[in-house]
Structure formats: C-alpha cells, structure tokens
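Reckoned from all heavy atoms, side chains included, excluding hydrogens, waters and symmetry mates.
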Amino acid sequence: MIVGGARGIGKAIAVAFAAEGAAVAVIDRDTEAETVAHQCRGRSLLADVTDYAAVRRAATAVTDAFGRTDHIVFAVGIGSGKYGFPFWNLEPSDWGARVGGERGGRLVNVAHAFVPRLIAARSGTLLFLSSVAGQIGSQTDPPYSASKAALINFAQAAAKDLAPYGVRVNTLCPGMVKTALNQSIWEAWNRQQPPEKRQSYDEWADEKIRRVVPLGRWQEPEDIAAMVVFLASARAANVTGQTINVDGGFVMHW
C-alpha cells in the first residue's frame, strides 16, 4: 500500500514492489495513481489523505480487494513553497499548516486507518518517508524540516507501540533526489536572489551536491525504492524504530 505513489519516489517504490511480485495498491489524490497502478497491475484509490474518512474507506477497499495489507508506505511530501532562511522571513501562519496542522494530519490519518489491520494480523511493516532535512535543522524550509523531524519521532513511538504485535516501523530519509519537491526548493531560493546571483536548477543542484554529498552524485528514486523493499522484507526482520538515510553520505552521525 503506497500512499503518495502517483509520482516521484512513491511511484518508484510502487514499481519496485511490483517487480518483487507484490500486489500493489496506490492511494493518491493525483489521477496519475491510476497509471501507476496499471503499470504495476495493481489497484488505485483516489483520496486526499487529509480526509480521515476517505483514508478509512481506502483502507477498507484495499482489504476487500487483496484480503489483507502487509506493508504500508507513507510517501507524501510537500514543501511550504517558501525559502525560510533566515526563519523570520516566514510568518507564524506558515508553520501552522505544516507542523501538527492539516498537513501533519496526513500521516496520522494513514496510521490510524491501517494499523488495526496490522495488529489483527500480528505482522507487517510501516515505512515513513522523511528527509535528511528532518535531522540536520535545514534552514532552507524550516516548517518542512520540523514536520519531517516530527515524523521521525512519531515513527519511533509507533515502533515501540507495535513491536509486541510483530509490526515493524521505520523511517527512510532521502537526500538529493531530482523530484518536483526538490525543484520547488530551488524555485523558492531563486526568487529571493538578486539577479546576479540567480542560478539554473542544474547549476544550483550541482553546486549543492558538490558541497554536501560526499559521494558527489544525485540519489535516484530507485535507490530509495530498493531500501524500502529491503526494509519490508524478511531480511530486515530485526530492524525497527530506525531512521535510515539514502543520501550519498549527506548526513553522518558520529
């Protein structure tokens, strides 16, 4: 079950699961979910995950279609659309919808709708897609970074709650991935620059990768998808409550 699987990393995850022989369901408010589901020979459900009733209906539809739900991947990510450096360039109202508000409720809605099914089966996994920005106090988009940090914290709490039921919960943090979200960060940055300092998206990204990614290259959606599939597999049977980076070495803790 891929929530936010219509495009980008979510789409790559859906395709990777299908390649492993999994029956795939894609929840998204974007009609491209239908195309992805067709490619995966799976099922799509159009729903806005800020609507708890709609998410519960989707959970019931998935169970009715496949008999059970083994793995839930939350791959929804939306930036604030503003460049937040320094943070006082933002307004307090820019934070409300991001941290604990409507957008923060997306993950909670999904967890509440699907977890009872995993508890009843006493097996399964939850994987939350976060970001390296949730670990390093990124100045680029502070509300987005704070929301991703909250997601990591919630995943750890959920992992403890669900461990007695044999359900594993992990968080995966992509680094520099060429997605629409990554491009929106550049757009917000570029708008604030004087004309002489503006850069194309490729110029900005290449400079940032050279500066912060030790391996010196983009991470691809397929890199993220490969780790997600591994974490859902029996090979990761002892991995829960972890925050795992697929970031070319961007974030290193020592």
Take atom [atom1] in [X]; do more than 12 heavy atoms of anything else shown fall under 6.0 Å from it?
| X | atom1 | result |
| --- | --- | --- |
| Arg117 | CZ | yes |
| Arg211 | CZ | yes |
| Tyr165 | OH | no |
| Arg217 | CZ | no |

Look at the side-chain heavy atoms of Ile, Leu, Val, Met, Phe, Trp and Tyr, link any pair under 4.5 Å apart, and say whether [X] and [Y] land in one connected group.
| X | Y | value |
| --- | --- | --- |
| Val76 | Val177 | no |
| Val167 | Phe17 | no |
| Val55 | Val62 | yes |
| Ile244 | Ile13 | yes |
| Val26 | Leu46 | no |

Can you tell me how far [atom2] of [Y] sits from [atom1] of [X], rounded to the nearest 0.5 angstrom?
| X | Y | atom1 | atom2 | result |
| --- | --- | --- | --- | --- |
| Ser147 | Ile152 | OG | CD1 | 10.0 Å |
| Arg56 | Asp51 | CZ | CG | 11.5 Å |
| Glu220 | Lys178 | CD | NZ | 7.5 Å |
| Ser145 | Ile136 | OG | CD1 | 7.0 Å |
| Leu127 | Ile224 | CG | CD1 | 10.5 Å |
| Gln199 | Gln193 | CD | CD | 8.0 Å |

Do [X] and [Y] come within less than 4.5 Å of each other through their side chains, counting heavy atoms only?
| X | Y | answer |
| --- | --- | --- |
| Phe114 | Thr69 | yes |
| Leu129 | Ile9 | yes |
| His71 | Met1 | no |
| Cys173 | Ser131 | no |
| Gln156 | Thr171 | no |
| Val228 | Leu172 | yes |
| Val36 | Arg7 | no |
| Val246 | Pro174 | no |

If you take all heavy atoms of [X] and [Y], which pair is closest and at what distance?
| X | Y | result |
| --- | --- | --- |
| Ala113 | Ala59 | O-CB, 3.9 Å |
| Pro116 | Ala111 | CD-O, 4.3 Å |
| Pro214 | Gly248 | CD-O, 3.3 Å |

task: Evaluate the ring planes of Phe74 and Phe128, with Trp represented by its six-membered ring, and classify them as parallel (under 30°), tilted (30 to 60°) or perpendicular (over 60°).
output: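 Phe74 vs Phe128 ring planes: perpendicular.
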query: Relative to the ring of Trp218, is the ring of Tyr201 parallel (under 30°), tilted (30 to 60°) or perpendicular (over 60°)?
result: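 Tilted.
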message: Quick one, Val73 with Thr125, criterion side-chain contact (heavy atoms from CB on, under 4.5 Å). Give me CA distance, side-chain angles, the key distance, then yes/no.
response: CA-CA 8 Å; Val73 179; Thr125 68; over 6 Å; no
Counting N and O atoms only, with roles assigned by atom type, does the side chain of [X] sit under 3.5 Å from a partner on the main chain of [Y], one being a donor and the other an acceptor?
| X | Y | value |
| --- | --- | --- |
| Asn170 | Gly241 | yes |
| Asp30 | Ala6 | no |
| Glu207 | Ala205 | no |
| Arg106 | Thr50 | no |

message: As a test of understanding, state which of Asn109, Val110, Asp28, Leu107 forms a side-chain contact (heavy atoms from CB on, under 4.5 Å) with Val49.
response: Val110
For Ala61, all residues meeting side chain to side chain contact (heavy atoms under 4.5 Å, CB included), sequence neighbours excluded: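 Ala61 satisfies side chain to side chain contact (heavy atoms under 4.5 Å, CB included) with Arg43, Leu45 once adjacent residues are dropped.
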field: side-chain contact (heavy atoms from CB on, under 4.5 Å) evaluation trace for Phe250 with Leu215
entry: CA-CA 8 Å; Phe250 190 155; Leu215 288 181; over 6 Å; no
message: Side-chain heavy atoms under 4.5 Å apart, restricted to Ile/Leu/Val/Met/Phe/Trp/Tyr: what other residues fall into the cluster of Val15, or is it alone?
response: none
CA sep, side-chain torsions, deciding dist, call: Leu126, Arg168, side-chain contact (heavy atoms from CB on, under 4.5 Å): CA-CA 6 Å; Leu126 284 164; Arg168 297 185 292 108; over 6 Å; no
query: Is any NZ, NE, NH1 or NH2 atom of the basic residue among Asp70 and Arg68 found under 4.0 Å from an Asp or Glu carboxylate oxygen of the other?
result: yes
message: Before you tell me yes or no, could you show the steps for Ser200 and Asp202 under side-chain hydrogen bond (donor to acceptor under 3.5 Å, both in side chains), namely the whole-Å CA-CA distance, both residues' side-chain angles and the distance that decides it to 0.1 Å?
response: CA-CA 5 Å; Ser200 70; Asp202 287 338; 5.6 Å; no
message: Walk me through whether Asp247 and Val213 qualify under side-chain contact (heavy atoms from CB on, under 4.5 Å).
response: CA-CA 7 Å; Asp247 63 353; Val213 180; over 6 Å; no
